[in-house]
J.: 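After the structure tokens below, expect a handful of questions from me.
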Amino acid sequence: MLITLRTMKRTASALLAVSLLAASALTAHAAEETAVPASAKHITLLHTNDTHARAVEGASGEMGYAKLAGIIDSYRNANPNTLLLDAGDAVHGTTFATLVGGESVVQVMNKMGYDAFVPGNHDFNYGYERLLELESMMKFPVISANVKVAKDGSSLFKPYIIKEVDGVKVGIFGLTTPETAYKTHPNNVAGISFADPTKEAQAIVDELEDKTDVIVALGHIGQDTSSVDTSLKIVKAVDGIDVFIDGHSHTVLEHGQTADHNTLIASAGEYTKYLGVVDLWVDGGKVVKKEAKLENKDTAAAIAPNADIADFVASIQKSQETILAEKVGTASVKLDGEREQVRNSETNLGNLVADAIRDAASADVALTNGGGIRASIDEGTITKGEIITVLPFGNQIVSLKVKGADIKAALEIGVSDYPNSKGGFPQVSGIAFKIDTAKPKGQRVHSVTVGGKPLNEDANYLLATNDFMAAGGDEYTMFSPYPQAGMYGSLDEALIAYITKLGTANPKVEGRITEAATPVVAQPEPKPDPNTEPKPAPRPEQPKPEPKPPVKPEPVKPAVYVVKKGDTLWAIAKKHSTTWQELRDLNHMKNPNLIYPGQQIKLPAA
């Protein structure tokens, strides 16, 4: 039986740890301190994942590159034995990246001094050929052991690197989720394949065991329960991985996760909200102690952003102004994205956006929330900057195979507040439906058709939507259990591509969403039984009429409407088949925009 040198080191270290614990029965803390000999080398692994080009500070905890760089500087100053790693999904996600095909992110990462990077599924969003171009610009290696060239099975990237840090040999190998095959557009990965990450990990660990003191997996794999391959599955099957730096599922592991074979799994959430920190102590060719933590905006409040990185990011943003002014196409009409319209009615811009989403995914149905459409576009030239203003959030298009019943349930949620405004109001493509406001919430939607045919609630449909709604956002919780069937880039990219294809955009309000009473279904009269002779009905007694007192007519009261929270004069007018101008004049309003809950609005006589 072959026993590797590293296995012997591990066994000897384990026996030493047992003897140390037996000799130190004072406290757990004392035992932990004793386990780190003075001769041990201290190595720090700093790591990011799923940053998605969040270049600047944001309102939801995003630190941006400059703040990240400032924290990284502080750790490097404290411990020169520091490596900086990224676990994927770095070069795509916001217009900071997408306007220049990811090059801007590579430039920033070069300045920040990354040591290695594993590509995630979204890093293939420009096509794998573009990713190879970006690799040639990187001053750090791209590593992945399981991304293969389909025609010959060769590796597209280096499978691993070995870094020597203060005399300690650290082997770092990469793994990319096989979900990339459908979690980017299939055309982006035509000609490459994704091998079983567990088998590739085992092969690499076998190769590295006698070459290194520490083995680190840098994986864009994740821990989603819907995934076939997870970091937990890999470390359960493969012995010998000291640390698994993880990405893809956006998991926040505040102090890491000790998994099978004593592998420490670390993951730093998303969008530059965290910097991961793993500290290792290595003695005699073996890791004797390891621990993980996260830094965020609050824990690092006293650390200043790196001024050079801040200036560099600002200069890139300035240079992109020319790109934002580029012409995409022409609008022959004003594209209506006004807040009060897209949140409670079908609009021509809502239709255009939904059509672009459905076109990108080749789906049966597309549905997007009106609250995600943030501006109108005037008639005339359409620029990239205008489209980004309309769709500023960088949401990704995903497809789901969903039951017709869940599409119907989604529409019910979307119109639950109609005719009042709601951010989740659906803008749709490939589908049409009617709303009966006389019905209670959850029973308003009827006459639903998909592709001109009645919706079959038991059938499966390919639905395209944005990743926010697919995860249950805006109350669309019926979508969250479904696994993603595909991913197709960002909404703004899809709309740019769709308008470019059209040349001239001339969308119309087509009656995809209308208000109408639920049709009354006539019940068939029961047929008489031919074998049963009808019995003559007994004659009812005729009651004697009693004199009734004369009814006094009630005085006619003027019709009024009591304003509810969220009402607008426009919506009230629409509901009561009049115009807001008529309501303004009837109620002698100086400012029709200022109405308040409880206010009584006179309505015109019927």
Side-chain angles (χ1 to χ4, degrees), residues 179 181-188 226 342 345-370 372-373 391 395-415 424-435 444-499 501-502 505 507-514:
E179 294 176 348
Y182 60 89
K183 287 193 172 180
T184 185
H185 195 291
N187 291 343
N188 294 334
S226 61
V342 293
S345 63
E346 173 190 350
T347 78
N348 64 351
L349 180 55
N351 287 348
L352 184 67
V353 172
D355 288 347
I357 293 171
R358 186 163 69 98
D359 181 73
S362 301
D364 302 314
V365 176
L367 191 156
T368 193
N369 53 324
I373 298 173
L391 300 168
N395 290 111
Q396 303 294 305
I397 297 172
V398 300
S399 63
L400 313 170
K401 292 180 180 178
V402 304
K403 287 285 186 186
D406 282 325
I407 292 178
K408 169 75 160 43
L411 297 176
E412 292 282 10
I413 285 292
V415 303
F425 185 88
Q427 299 292 333
V428 300
S429 176
I431 191 169
F433 65 97
K434 300 182 187 300
I435 309 165
R444 294 177 156 189
V445 173
H446 64 92
S447 305
V448 185
T449 60
V450 175
K453 298 178 180 179
L455 175 77
N456 182 346
E457 294 195 10
D458 295 322
N460 289 316
Y461 295 89
L462 187 63
L463 168 75
T465 186
N466 61 68
D467 53 358
F468 168 69
M469 294 173 66
D474 268 347
E475 301 179 272
Y476 287 95
T477 54
M478 69 293 297
F479 293 152
S480 59
Y482 287 102
Q484 293 175 358
M487 299 192 80
Y488 300 93
S490 64
L491 269 66
D492 57 282
E493 289 176 302
L495 185 56
I496 288 170
Y498 190 63
I499 292 174
K501 183 165 66 173
L502 293 175
K508 295 178 173 62
V509 174
E510 303 171 350
R512 300 178 187 184
I513 306 170
T514 54

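As a basis for the values below, the full set of heavy atoms in this structure was taken, side chains included, without hydrogen atoms, waters or symmetry mates.
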J.: Using only atom types and a distance under 3.5 Å, with no angle test, would you say the side chain of Gln427 pairs donor to acceptor with the backbone of Val342?
T.: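 Flag set: sc Gln427 to bb Val342 pair under 3.5 Å.
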J.: For Glu179, enumerate each residue passing the salt bridge (charged side-chain N to carboxylate O under 4.0 Å, His left out) test, keeping only those at least two apart in sequence or located in another chain.
T.: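 Residues passing salt bridge (charged side-chain N to carboxylate O under 4.0 Å, His left out) with Glu179: Lys183.
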J.: Which residues satisfy the side-chain hydrogen bond (donor to acceptor under 3.5 Å, both in side chains) test with Arg512, sequence neighbours excluded?
T.: Asn351, Asp355, Glu510
J.: Provide the closest heavy-atom pair for Phe479 versus Ala410 in the form atom of the first, atom of the second, distance.
T.: CZ-CB, 3.5 Å
J.: Checking Glu346 side chain against Thr514 main chain: does a donor-acceptor pair fall under 3.5 Å?
T.: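 Not at all, since once roles are kept as given, no pair shorter than 3.5 Å links the two residues.
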J.: Which donor-acceptor pairs under 3.5 Å do the side chains of residues 470-477 make with protein atoms, sequence neighbours left out?
T.:
unit_1	atom_1	unit_2	atom_2	d
Asp474	OD2	Asn369	ND2	3.1
Glu475	OE1	Lys422	NZ	3.1
Tyr476	OH	Gly424	O	2.4

J.: Mind listing the closest non-hydrogen atom pair of Leu455 and Gly404 along with its distance?
T.: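 For Leu455 versus Gly404, the nearest heavy atoms are CD2-O, 3.5 Å.
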J.: Tell me which pairs pass salt bridge (Lys or Arg N to Asp or Glu O under 4.0 Å) where either residue lies in residues 452-473, with sequence neighbours left out.
T.: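 Qualifying pairs, neighbours excluded: none.
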J.: Kindly say whether Leu367 contributes a backbone atom to a donor-acceptor pair with the side chain of Thr465 at under 3.5 angstrom?
T.: yes
J.: Please tabulate, one pair per line, all N/O donor-acceptor pairs under 3.5 Å involving side-chain atoms of residues 356-363, not counting sequence neighbours.
T.:
unit_1	atom_1	unit_2	atom_2	d
Arg358	NE	Ser429	OG	2.7
Asp359	OD1	Lys501	NZ	3.0
Asp359	OD2	Lys501	NZ	2.9

J.: Under the rule for side-chain contact (heavy atoms from CB on, under 4.5 Å), what residues qualify as partners of Ala432, not counting sequence neighbours?
T.: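 So Ala432 forms a side-chain contact (heavy atoms from CB on, under 4.5 Å) with Thr449.
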J.: Going by side-chain hydrogen bond (donor to acceptor under 3.5 Å, both in side chains), name the residues that satisfy it together with Thr347, two or more places apart in sequence or in a different chain.
T.: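 Once residues adjacent in sequence are excluded, Thr347 has no partner under the side-chain hydrogen bond (donor to acceptor under 3.5 Å, both in side chains) criterion.
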J.: Which donor-acceptor pairs under 3.5 Å do the side chains of residues 488-495 make with protein atoms, sequence neighbours left out?
T.:
unit_1	atom_1	unit_2	atom_2	d
Ser490	OG	Asp492	OD1	3.1
Ser490	OG	Glu493	N	3.4
Ser490	OG	Glu493	OE1	2.8
Glu493	OE1	His92	NE2	3.0
Glu493	OE1	Ser490	N	3.1
Glu493	OE2	His92	NE2	3.4

J.: With Val445, which residues qualify under side-chain contact (heavy atoms from CB on, under 4.5 Å), at least two apart?
T.: Lys408, Leu411, Glu412, Val415, Phe433, Val448
J.: Just to verify, what does Asp406 make a side-chain contact (heavy atoms from CB on, under 4.5 Å) with, not counting sequence neighbours?
T.: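 Here the qualifying residues are Lys403, Met478, Tyr482.
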J.: Let me confirm one number: the CE-CG distance from Met469 to Leu400, rounded to the nearest 0.5 Å.
T.: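 The distance works out to 10.0 Å.
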